[in-house]
Structure formats: C-alpha cells, structure tokens
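When a ligand or atom number is given, it counts from 1 through the structure's own listing order. These values consider heavy atoms only, across backbone and side chains, with no hydrogens, waters or symmetry-generated copies.
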Amino acid sequence: MRVVFATSEVSPIAKTGGLGDVCGSLPKVLRKMGHEVAVFMPYYRQARQWFDRNGIVPHQLLPTVVISWANWIAEATFLRATLPGSDVPLILVANDYFFEREQIYARAPDGNDDFLLRYTFFCRAVIRACELLDVAPDILHCHDWHTALLPLYLDSGLRGSPQFARTRSVYTIHNLHYQGAAGADAFELTGLHSRYWAPDALEHFGQLNPMKGAILFADEVTTVSPNYAREIQTREHGAGLDGVLRAVSHKVNGILNGIDVDEWNPATDPLLPAHYDADSLRDKTKAKRALSKEAGFRFSAKRPIVGAVSRLVDQKGFQLLIPVMRRLLHAGARLAILGSGEPELENALVQIASEHPDDCRVWIGFDNALAHRIYGGADMLLMPSMYEPCGLNQMYALRYGTLPVVRLTGGLADTVIPFDGTNGEVANGFGFVAAHPFDLYLATWVAMLNFKDGSVWKTLQANGMACDFSWERSAATYDAVYRRALQS
Ligand code: ADP
Ligand code: GLC
C-alpha cells in the first residue's frame with residue numbers, strides 16, 4: 001500500500017508534543033511492514049535548525065511552484081530528506097512567510113493569527129506535490145485539525161486527478177479539543193464549494209470547524225487510545241463534537257499509540273548519564289544522583305523525586321498540583337518539573353520552586369535531553385491530566401522504571417494499572433479519578449508510602465518495564481483500518 005502522511009509535527013525534527021512522536025515513529029514501522037510511506041510536514045524554522053545541527057542538507061525536489069486556490073496564491077518549495085534512522089521519504093513544504101517563525105505555532109509577522117490560512121496552504125501544497133511528483137496514495141493519513149481539510153478536498157473533485165483517483169483518507173484525532181475553528185467568513189479561505197458550508201460538513205453552530213469536516217468526510221477515523229475513543233462520544237468529553245462522533249461511530253477506531261522503543265531505551269539512551277535495564281535497576285540510582293545534582297537537591301535515596309515533563313496548559317492538570325505542591329514537599333517529596341505554556345501556570349510553579357530551592361526545581365522551556373534525564377532519574381512521573389487522548393510520557397516513564405502517578409482518564413487509564421495493595425502481580429503505577437487537588441495529593445502520598453517498601457517498589461517497576469508499548473501491535477491495527485478504508 002502507498003501511504004502518505006500529512007502532519008504538522010515530526011519528531012525529532014520539529015515537535016511540541018506527542019503528535020510529533022507518533023508521526024516520527026509510526027511511518028517507520030509501517031515501512032518495515034512493507035508499505036511504501038512518505039511523510040509531508042511544513043519546513044519550519046525549527047526543522048531547518050534541526051537539519052543544520054545534524055549536518056543534513058535536504059535537497060530541493062522541483063523548482064519553486066505557485067500554489068493557487070480560492071482567491072489565494074502562495075509559493076511552495078518542496079525539499080526531500082528522510083525520517084532519521086530510516087529510508088522513509090520526508091517531504092518538507094517550504095514557504096518562509098508561513099513557516100519561518102519564532103515558534104512552530106506562532107502568529108504572522110503582522111501579529112495576526114493566520115493559523116487557518118497557513119495550514120490550508122500546507123494541505124493544498126501536499127496535494128500539488130503529489131500531482132507534480134506523481135505520487136498516487138492509496139491512503140492519505142491526516143493528523144489533527146491542521147490537515148483536516150484534506151479529506152474534504154478529496155471529496156470535492158480531487159478524485160478526478162489521476163494521482164487521487166483511488167485514494168482513501170484516514171483521519172487521526174490526537175486531541176479533539178484543538179478543532180481549528182474560525183468564524184464563518186474564514187470559509188472562503190478553503191476554496192471549497194458552498195455545499196461544504198453546511199451542518200453535515202464544515203459548519204458547526206455558525207463557525208467553520210475543520211475537525212468536524214474531517215470526522216464526517218474521512219473514510220476512517222481513528223483516535224489514539226480505545227478509552228479516549230469511547231470518552232469522546234460522550235457529552236462530557238466530546239468537546240461539542242460528541243454527537244458528530246456518535247453519528248459516525250461505525251468508523252471511529254481507538255488505537256493505542258506505541259513508542260519508539262529504540263529511542264526510548266534506558267539501556268542505550270545516549271541522553272542518560274547512566275544505563276540500566278530491568279535486571280540492573282540499581283544503576284538507575286546513578287541517574288537519580290545526576291538528576292538530583294542538576295536540580296540542586298542533596299542526593300537522598302530515601303526521598304522520592306517526583307518528575308513531570310509537560311506542556312503547561314489546562315489539559316495537563318497542573319492546576320490540581322499547584323494547591324497541594326507545598327504539602328507534597330512537606331510530606332517528603334521532591335519535585336522536578338520541566339514544562340512550558342500558560343504564563344499563570346509557569347509563574348505559580350516557579351514561585352513555589354523559589355520558596356523551596358532544596359526540594360523543588362522547575363525548568364521552564366522545551367528540552368528533549370532534560371526530558372530524558374527526568375524520565376531516567378525520577379522515581380515517579382506525575383500526569384494529573386484533565387483529559388489525555390493517549391499520553392506518551394507515562395509509557396516512557398514505565399519503560400524507564402519510573403512509576404507514573406496519573407489521573408485515570410483517556411489513554412492513561414488504558415496504560416497505567418494503579419496499585420491497590422492487592423494487585424502486585426500486574427500493577428505498574430498509581431492513579432486517581434476525581435479532578436481534585438486532594439485526590440492528586442492522596443495518590444502521590446500512597447505512591448510515596450509504597451516507595452518506602454523496596455520490594456513492592458521493585459515489583460511494580462518490573463511490571464512497568466515489562467509492558468510492551470512497541471508500535472508493532474498498533475501498526476497492525478492501522479493496517480487493518482487502511483484496508484477497511486480502501487474497501488469503502
Ligand atoms: P501531548 O502531546 O498532549 O503534549 P504526550 O504525552 O503525548 O502529550 O507527548 C508529550 C511529548 O512531548 C513527549 O515526548 C514529552 O517528552 C514531550 N514534551 C512535552 N513537554 C516537553 C518539554 N517541556 N520539554 C521536552 N519535551 C517535552
Ligand atoms: C496529543 C494528546 C496526547 C497524545 C498525542 C499523540 O497531543 O494530547 O495524549 O499522546 O497527541 O497522539
């Protein structure tokens with residue numbers, strides 16, 4: 001099968017979260033399964049810098065072309081590289097006005113929010129590149145709202161083009177809350193016929209909603225864990241689209257994300273100060289020692305380091321942590337938190353860290369290497385998410401013998417089995433249900449009590465490290481979904 005991925009993020013080239021991890025690793029596994037895969041992403045400044053740092057020069061595929069749609073024209077240059085560590089083609093769509101910006105998701109130089117325009121351009125450019133390069137995808141696999149217009153373009157006459165005559169679309173929801181919604185007047189940006197401005201297409205309560213359009217028009221819809229697939233069909237978690245999802249539930253699939261087990265391997269990870277596996281967990285102490293030093297803590301084997309690596313946005317639930325942080329520190333925890341996002345959350349965390357420099361360290365920023373050192377050096381990893389489509393951090397933590405303390409929602413409930421004192425043969429972490437600071441405190445405190453019992457802790461670590469989160473099983477399910485899409 002010929003599969004084309006269209007995505008806004010690809011790890012390690014340019015990412016802000018798990019979307020990048022998935023689109024950087026799943027295509028490689030599909031390739032190993034025998035599919036012909038190509039990945040399209042915008043050529044952001046961050047991507048350019050990544051290639052510079054790694055001494056790679058992507059080569060230009062074609063002379064710069066003009067992409068025109070609706071009332072718009074913009075230039076696109078297509079460059080080719082490969083996904084690191086593979087021969088999977090990575091096609092970079094360059095346009096400096098849209099993508100050469102301070103951050104991946106930044107406003108236009110004039111201060112305007114042109115998010116819909118830049119990703120509409122990206123979608124149009126992917127189509128044009130396939131036509132010019134004569135790539136005829138069997139499956140066009142789109143991810144999140146940025147590429148949500150592609151299934152609609154396919155429906156709207158693109159199948160008349162020889163490259164897309166047989167193409168079917170698969171749309172993966174990584175996060176239902178980011179829908180790309182915009183005012184009604186933005187519809188003209190899409191260049192689509194007015195029949196797509198309807199409640200059974202892009203219109204949603206008077207707004208333009210790309211996420212809704214993709215859910216309705218893709219041949220198959222997937223999301224990133226079975227539990228989230230169920231949750232988003234309820235009013236509580238449906239972000240206003242639960243009715244739409246229920247209406248097409250026959251084509252909604254929950255497929256648990258995998259992780260790149262080569263990149264995330266404590267026995268070989270070049271970003272860790274010490275290496276270990278399930279049989280040499282003693283050496284994890286070296287990683288803890290190094291993290292303690294880096295955080296400015298005096299090393300103590302007895303005091304657990306509770307780590308966190310996260311975008312600091314409401315989704316991630318740090319508003320539950322902040323009210324009980326001082327109490328957790330008082331109870332003996334040490335906190336090592338890396339994240340960036342909303343200023344109020346950043347400021348509150350930094351404030352508490354400044355009051356407890358010996359026990360609490362907060363790094364504001366995005367730092368992949370430090371993230372690895374936290375997964376390796378911490379004893380526990382906190383994820384108090386309000387909702388969590390899948391979550392990759394808890395899987396990285398489990399693989400690194402670091403026990404997750406999570407709110408049992410979305411994919412966290414599919415991957416973390418909380419210890420309840422009786423299920424030591426399977427448990428691999430700790431959990432709570434109510435979105436309340438006290439419940440977070442209690443779950444962390446229970447984890448801290450169990451940390452004192454070396455043999456229980458080792459058992460739970462071993463259970464976690466034995467979990468198989470490799471992509472192979474999930475990739476086989478994607479394969480089945482692709483086949484179903486082709487039959488539609
Ligand atoms: P989400 O995609 O919702 O942010 P996931 O758990 O799926 O959540 O993925 C988060 C990914 O982003 C992980 O690879 C994590 O290590 C990474 N990450 C998040 N914040 C940071 C940060 N501040 N520095 C480094 N890596 C981060
Ligand atoms: C989103 C979700 C996260 C998921 C990731 C990759 O960013 O918030 O839970 O793991 O996508 O699918």
Participant: Provide the number and element of each atom of ligand 2 under 4.0 Å from a heavy atom of Val22.
Facilitator: 6 (C), 12 (O)
Participant: Which residue owns the protein heavy atom closest to atom 8 (O) of ligand 2, what's the atom, and how far is it?
Facilitator: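 Sorting protein heavy atoms by distance from atom 8 (O) of ligand 2 puts Gln315 NE2, 3.1 Å first.
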Participant: If you measure every N or O of Lys316 against every N or O of ligand 2, does any of those distances drop under 3.5 Å?
Facilitator: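 Between Lys316 and ligand 2 (N or O atoms, distance only) the closest approach is not under 3.5 Å.
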Participant: Taking the minimum heavy-atom distance to atom 21 (C) of ligand 1, which of Tyr387, Phe366, Tyr178 ranks first?
Facilitator: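 The option holding the nearest heavy atom is Phe366.
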Participant: Would one find more than 12 heavy atoms of other residues, nucleotides or ligands at under 6.0 Å from atom NZ of Lys251?
Facilitator: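 Yes - once you tally the heavy atoms of other residues, nucleotides and ligands closer than 6.0 Å, there are more than 12.
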Participant: Salt bridge check: are Arg31 and Glu36 linked by an N-O gap of less than 4.0 Å?
Facilitator: no
Participant: Is Arg118 positioned over the aromatic face of Phe99, cation under 6.0 angstrom from the ring centre and no more than 45 degrees off axis?
Facilitator: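 The answer is no, since Arg118 fails at least one limit relative to Phe99.
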Participant: I'd like to check which ligand 1 atoms, numbered from 1 as shown, lie under 4.0 Å from a non-hydrogen atom of Tyr396.
Facilitator: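 Checking each atom against Tyr396, I get 13 (C), 14 (O).
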Participant: Purely on distance, is any nitrogen or oxygen of Cys390 under 3.5 Å from one on ligand 2?
Facilitator: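 Yes; at least one N/O pair falls below 3.5 Å.
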Participant: Run down the list Gln394, Arg311, Met395 and name the one with the heavy atom closest to atom 7 (O) of ligand 2.
Facilitator: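 Looking at heavy atoms only, the winner is Arg311.
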Participant: Among all protein heavy atoms, pick out the one at the shortest distance from atom 12 (O) of ligand 1; state its residue, atom name and that distance to 0.1 Å.
Facilitator: Gly17 CA, 3.6 Å
Participant: When only distance counts, is Arg311 in polar contact with ligand 1, meaning an N/O pair under 3.5 Å?
Facilitator: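 Yes.
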Participant: If you measure from the Lys or Arg side-chain nitrogens to the Asp or Glu carboxylate oxygens, is any gap between Arg2 and Asp138 under 4.0 Å?
Facilitator: no
Participant: Identify, for atom 24 (N) of ligand 1, the protein heavy atom at the shortest distance, and state residue, atom and that distance.
Facilitator: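 Atom 24 (N) of ligand 1 sits closest to the protein heavy atom Asp367 N, 3.0 Å.
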Participant: Give a yes/no verdict on whether any heavy atom in Gly391 is under 4.0 Å from an atom of ligand 2.
Facilitator: yes
Participant: What atoms of ligand 1 come closer than 4.0 angstrom to any heavy atom of Tyr375?
Facilitator: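 With Tyr375 as reference, the close atoms of ligand 1 come out as 15 (C), 16 (O).
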Participant: Using 4.0 Å as the upper bound for N to carboxylate O, is an ion pair formed by Glu9 and Lys15?
Facilitator: no
Participant: Heavy atom under 4.0 Å from ligand 2: found in Asn257's side chain, backbone, both, or neither?
Facilitator: side chain
Participant: Would you mind running through ligand 1 and noting each atom that sits below 4.0 Å from a heavy atom of Gly18?
Facilitator: 1 (P), 2 (O), 7 (O), 9 (O), 10 (C), 11 (C)
Participant: Indicate yes or no: does an N/O atom of Trp264 lie under 3.5 Å from an N/O atom of ligand 1?
Facilitator: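 No; the residue has no nitrogen or oxygen that sits under 3.5 Å from a nitrogen or oxygen of the ligand.
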Participant: Of Phe430, Trp457, Phe419, Trp445, which meets ring-ring contact (aromatic ring centres under 6.0 Å, His included) against Phe451?
Facilitator: Trp457
Participant: Is Asp468 paired with Arg473 through a side-chain N to carboxylate O contact shorter than 4.0 Å?
Facilitator: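 Salt bridge: no.
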Participant: Under 4.0 Å from any heavy atom of Val224, which atoms of ligand 2 are there?
Facilitator: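 This gives 12 (O) as the contact atoms.
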Participant: Test the Arg399-Phe469 pair against the cation-pi criterion, namely NZ or CZ under 6.0 angstrom from the six-membered ring centroid and within 45° of the ring axis.
Facilitator: no
Participant: Within 45° of the axis and under 6.0 Å from the centre of the six-membered ring of Phe297, does NZ or CZ of Arg361 qualify?
Facilitator: no
Participant: Near Asn393, which atoms of ligand 1 are under 4.0 Å from a heavy atom of that residue?
Facilitator: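 Checking each atom against Asn393, I get 6 (O), 10 (C), 13 (C), 15 (C), 16 (O).
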Participant: Please report the C-alpha distance between Asn175 and Gln315 in whole Å, then the side-chain angles of each, then the deciding distance to 0.1 Å, and finally whether the side chain to side chain donor-acceptor pair (under 3.5 Å) criterion is met.
Facilitator: CA-CA 10 Å; Asn175 192 333; Gln315 174 193 348; 3.1 Å; yes
Participant: What do you reckon, does Ser310 put a non-hydrogen atom under 4.0 Å from ligand 1?
Facilitator: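 Ser310: in contact with ligand 1 (<4.0 Å).
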Participant: Looking at ligand 1, does any of its N/O atoms fall within less than 3.5 Å of an N/O of Lys316?
Facilitator: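 Min N/O separation from ligand 1 is below 3.5 Å for Lys316.
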Participant: Is the closest N or O pair between Val309 and ligand 1 shorter than 3.5 Å?
Facilitator: no
Participant: Looking only at protein heavy atoms, which one is nearest to atom 9 (O) of ligand 2, and how far off is it?
Facilitator: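 Scanning the protein heavy atoms, the shortest distance from atom 9 (O) of ligand 2 goes to Glu388 OE2, 2.5 Å.
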Participant: To which protein heavy atom is atom 1 (C) of ligand 2 closest, and what is the distance rounded to 0.1 Å?
Facilitator: His174 O, 3.1 Å
Participant: Hey, is Arg246 close enough to Asp242 for a salt bridge, meaning N to O under 4.0 Å?
Facilitator: yes
Participant: Ion pair present between Glu472 and Lys32, side-chain N to carboxylate O less than 4.0 angstrom?
Facilitator: no
Participant: Is Lys15 in contact with ligand 1, taking contact as a heavy-atom separation below 4.0 Å?
Facilitator: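 Yes, Lys15 has a heavy atom closer than 4.0 Å to ligand 1.
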Participant: For Gly18, take its heavy atoms, then give the atoms of ligand 2 lying under 4.0 Å from any of them.
Facilitator: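 So the atoms of ligand 2 that pass are 5 (C), 6 (C).
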Participant: Provide the number and element of each atom of ligand 1 under 4.0 Å from a heavy atom of Gly391.
Facilitator: 6 (O), 7 (O)
Participant: If you count the atoms of ligand 2 from 1 in the order shown, which ones are under 4.0 Å from a heavy atom of Pro389?
Facilitator: 2 (C), 8 (O), 9 (O)
Participant: Hey, which atoms in ligand 2 end up nearer than 4.0 Å to a heavy atom of Asn175?
Facilitator: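 Result: 8 (O).
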Participant: Run the salt-bridge test on Asp283 and Lys288 with the 4.0 Å N-O cut-off and return the result as yes or no.
Facilitator: no
Participant: Are any of the side-chain nitrogens in Glu102 or Arg45 under 4.0 Å away from the carboxylate oxygens of its partner?
Facilitator: yes
Participant: Going by the atom numbers of ligand 1, which of them fall below 4.0 Å from some non-hydrogen atom of Leu392?
Facilitator: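 Numbered from 1, ligand 1 contributes 5 (P), 6 (O), 7 (O).
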Participant: Is the His143-Tyr171 ring centre distance short of 6.0 angstrom?
Facilitator: no
Participant: Using a 3.5 Å cut-off on N or O atoms only, is Gly365 in polar contact with ligand 1?
Facilitator: yes
Participant: Considering the options Tyr178, Phe115, Phe122, which one meets the ring-ring contact (aromatic ring centres under 6.0 Å, His included) requirement together with Trp145?
Facilitator: Phe115
Participant: Tell me the closest heavy-atom pair linking Cys130 and Pro137, and the distance in Å.
Facilitator: SG-CG, 4.4 Å
